[in-house]
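See below for the structure under consideration.
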Protein chains: 2
Amino acid sequence: MPPRNRALARPDPTEMADSQRAEFGSRLKELRRARGWTLAQLAERSGLAVSTISKAERGLMSLTYDRMLSLARGIGVDMAEFFTAEGAVFAPGSFAVAPKGVFQKQETRNYVYEMLFPEIRNKAMVPMMGTLKAHDLMDFDDFVRHPGQEFLLVLEGAVTVFAEGKAPVLLRQGDSLYFDSSRGHLYASAGAVDARILVVCTEVEGGA
Amino acid sequence: MPPRNRALARPDPTEMADSQRAEFGSRLKELRRARGWTLAQLAERSGLAVSTISKAERGLMSLTYDRMLSLARGIGVDMAEFFTAEGAVFAPGSFAVAPKGVFQKQETRNYVYEMLFPEIRNKAMVPMMGTLKAHDLMDFDDFVRHPGQEFLLVLEGAVTVFAEGKAPVLLRQGDSLYFDSSRGHLYASAGAVDARILVVCTEVEGGA
DNA sequence: GAGGAATTTTTCCGATACGAAAATTAATTG
DNA sequence: CAATTAATTTTCGTATCGGAAAAATTCCTC
């Protein structure tokens with residue numbers, strides 16, 4: 001940081017910059033964490049050094065334009081994303097790219113799902129990529145219910161859909177489903193191997 | 001975690017940054033000139049040196065976060081203002097083509113898409129399967145705009161996304177996109193072969 | 001076109017960002 | 001809890017940024 005003793009009575013560039021820089025760092029860390037990445041992983045994607053990102057996230061360093069751009073590209077967002085006010089609702093004109101493998105991950109006993117675009121809040125739709133593990137018949141969870149509507153597309157493998165009050169339905173690769181998600185529902189891989197699915201839900205009010 | 005695949009070339013931070021930096025510089029100069037200020041006047045307001053601003057405007061230097069923040073304050077704009085492409089008005093004559101009504105299959109010169117679940121009315125989401133034909137570069141249609149939000153997933157092949165005010169984005173199999181569909185947009189197969197995509201839009205008001 | 005003032009660009013050197021590797025802390029496993 | 005591994009932070013040398021002033025350019029006014 002530059003010295004704070006300046007004779008001239010003009011605005012000091014360093015004044016008040018520290019808190020802003022810390023906020024930028026927090027935003028950067030938030031974007032990284034939302035994707036479940038370590039410093040090393042972001043370093044790999046952006047081409048920067050781990051130490052540089054570490055210092056930037058904690059506001060200990062003032063990144064140059066070039067490094068900020070590298071980070072934006074590594075993360076897959078526009079530069080403006082770093083500076084949009086927190087609480088980032090779905091802003092008019094939003095445009096986000098999710099390269100394969102960029103998501104927030106959740107894992108249950110027989111289901112791994114990864115939310116796409118975790119950084120966008122208040123989306124009208126919530127797209128998720130999921131892997132249904134090959135299962136024991138014992139392993140079923142309870143029906144899931146939530147207000148709204150749901151779309152399912154089978155990307156790989158085959159899926160059995162159990163829906164409350166319906167006979168089980170078998171969906172093969174390329175098949176899809178659209179239904180009221182307040183009806184209890186449950187997915188399972190139909191084969192002995194894992195299945196890959198895409199699920200899109202309507203946003204749940206007040207939900208996570 | 002095992003070491004990441006080093007076969008993939010690690011991004012070079014300095015590569016391709018120059019043009020972006022030049023664009024930033026132009027934007028900076030544009031903001032200054034729009035106010036009728038000289039370098040010295042902006043230097044006075046921001047607390048930076050004239051030489052620094054001069055070099056930054058011409059893309060000869062990569063400003064640090066702190067100096068960028070000082071400039072934003074001196075000019076009286078938000079940081080994001082530096083990165084939001086503003087003037088980007090183009091495609092005169094293009095207008096929003098909303099998928100109104102219930103259809104099953106539509107075919108244009110280089111795009112075939114099928115609406116899934118046409119029998120369900122008033123869906124919150126409208127999922128569509130599409131095939132982007134390999135194209136001539138001449139074959140592009142106009143931008144499409146419609147109120148709401150849109151989700152795109154590349155199932156097979158690769159897709160180039162043209163969005164108004166954005167640089168073209170290349171999406172490969174498994175990549176996805178989420179954006180405000182009132183921003184003009186257009187998809188094209190990126191390769192010499194057809195591409196398969198899934199598109200989910202929010203329902204359009206007044207439709208069906 | 002010549003002089004002169006205003007503005008921009010270049011030069012030079014001290015201050016700071018940046019990356020590689022060491023040191024520390026956190027997480028995981030037996 | 002010790003041992004091991006993963007993840008983050010700190011250290012330190014080098015490359016680059018950034019400011020003051022000189023040099024060059026552009027813009028007047030006559």
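The basis for the numbers below is simple: all heavy atoms, side chains too, and nothing from hydrogens, waters or symmetry mates.
Between the CH2 atom of B:Trp37 and the P atom of C:dT8 there is a distance of 14 Å, given to the nearest Å. Distance, A:Arg32 CZ to D:dA7 C1': 9 Å, rounded to whole Å. Rounded to whole Å, the distance from NZ on B:Lys55 to C1' on D:dA21 is 12 Å. Rounded to an integer number of Å, the gap from A:Leu39 CG to C:dT24 C1' is 14 Å. In this structure, B:Asp66 places its CG atom 15 Å from P of D:dC17, rounding to the nearest Å.
Remark: A:Ser54 is in phosphate contact with D:dT9, judged by side-chain N or O atoms under 4.0 Å from OP1 or OP2. Between A:Arg67 and C:dG19 there is a side-chain N or O to OP1 or OP2 distance below 4.0 Å.
When each of A:Ser62 and B:Arg33 is assigned the nucleotide of DNA chain C bearing its nearest heavy atom, the one mapping closer to the 5' terminus is B:Arg33. Taking for each of A:Ser51 and B:Thr38 the nucleotide of DNA chain C with the nearest heavy atom, the 5'-most of the two is the partner of B:Thr38.
Going from atom CG of A:Asp194 over to atom OG of A:Ser189 covers 6.5 Å, rounded to the nearest 0.5 Å.
By the 30° and 60° cut-offs, the orientation of the rings of B:Phe24 relative to B:Phe83 is parallel.
None of A:Val199, A:Val200, A:Leu177, A:Thr202 except one satisfies the side chain to side chain contact (heavy atoms under 4.5 Å, CB included) rule with A:Phe151; the exception is A:Val200.
Between A:Arg33 and A:Glu30, no side-chain nitrogen of the basic residue sits less than 4.0 Å from a carboxylate oxygen of the acidic one, so the salt-bridge criterion is not met.
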